[in-house]
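Report on the following structure.
FYI, side chains are in, hydrogens and waters are out, and symmetry mates aren't considered; it's all heavy atoms of this structure.
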Amino acid sequence: MEGLWIANFTAGPAHGSGILVLRSGELIGGDPGHTYKGSWQEDGPSLNARVRVEPWPPEEAKQADITEEPFGMTLTGSCTDKTATLYGHPDGKPDLLITVEMKRAA
């Protein structure tokens, strides 16, 4: 799983894409409005990740009076050497399903 990944996500009605780097159990990445930081663990075809998502850049979010807050989430799913699909929800929001589909970029 280590490498550079393109991630497409859906979170309720929201959707987008970003880039992730997975290395030595650490996950970092982002999209045009957020940064991602966390950890991941692979067990055969199973993949688990714990991720913190923060608005980016924080100064612009404050100036635009955006009320989006950082949040954490746990994702679980399956992977191959070229793809992965993960599911989860933000902490404290069990009704908001987040789906992440990843494809290896390098």
Side-chain donor/acceptor of S24 to backbone N/O of E26, under 3.5 Å:
no
Ignoring hydrogens and geometry, is there a side-chain-to-backbone donor-acceptor pair from R104 to E2 under 3.5 Å?
yes
Can you check whether L27 reaches V51 side chain to side chain, under 4.5 Å on heavy atoms?
yes
Do I28 and I6 sit in one hydrophobic cluster, given that two such residues count as connected whenever their side-chain heavy atoms are within less than 4.5 Å of each other, even indirectly?
yes
Counting only N and O atoms by type, is there a donor-acceptor contact under 3.5 Å from the side chain of Q41 to the main-chain atoms of G25?
no
Does some side-chain heavy atom of N48 sit less than 4.5 Å from a side-chain heavy atom of T74?
no
Would you say the side chains of S39 and R50 form a donor-acceptor pair under 3.5 Å?
no
Closest non-hydrogen atoms of I98 and A11, given as atom of the first, atom of the second and distance, are CG1-CB, 3.8 Å
With a 4.5 Å limit on heavy-atom distance, are the side chains of T76 and L47 in contact?
no
Would you say C79 and P45 make side-chain contact, with heavy atoms under 4.5 Å?
no
Separation between CH2 (W5) and CG (L22), nearest 0.5 Å, reads 7.5 Å
Smallest separation among heavy atoms of S17 and F9, with atom names
N-CE2, 3.6 Å
So, do M102 and L86 sit near enough that their side-chain heavy atoms are less than 4.5 Å apart?
yes
Taken to the nearest 0.5 Å, the spacing of M1 CE from W40 CH2 works out to 6.5 Å
Euclidean distance, H89 NE2 relative to M73 CE, rounded to 0.5 Å:
11.0 Å
Flag the pair Y36 / L20 as yes when at least one side-chain heavy-atom distance between them is below 4.5 Å, and no otherwise.
yes
Looking at D31 and G18, what are the two nearest heavy atoms and their distance?
CB-CA, 4.0 Å
Does V53 share a hydrophobic cluster with W56, counting links as ILVMFWY side-chain heavy atoms below 4.5 Å and allowing steps through other members?
no
Can you find a heavy atom in the side chain of T85 that is under 4.5 Å from one in the side chain of V100?
no
So that I can tick it off, tell me whether E101 and K103 are bridged by a salt bridge, with the cut-off set at under 4.0 angstrom between side-chain N and carboxylate O.
no
Smallest separation among heavy atoms of E54 and P70, with atom names:
CG-CB, 3.7 Å
dist D91:CG -> L96:CG (nearest 0.5 Å) comes out at 11.5 Å
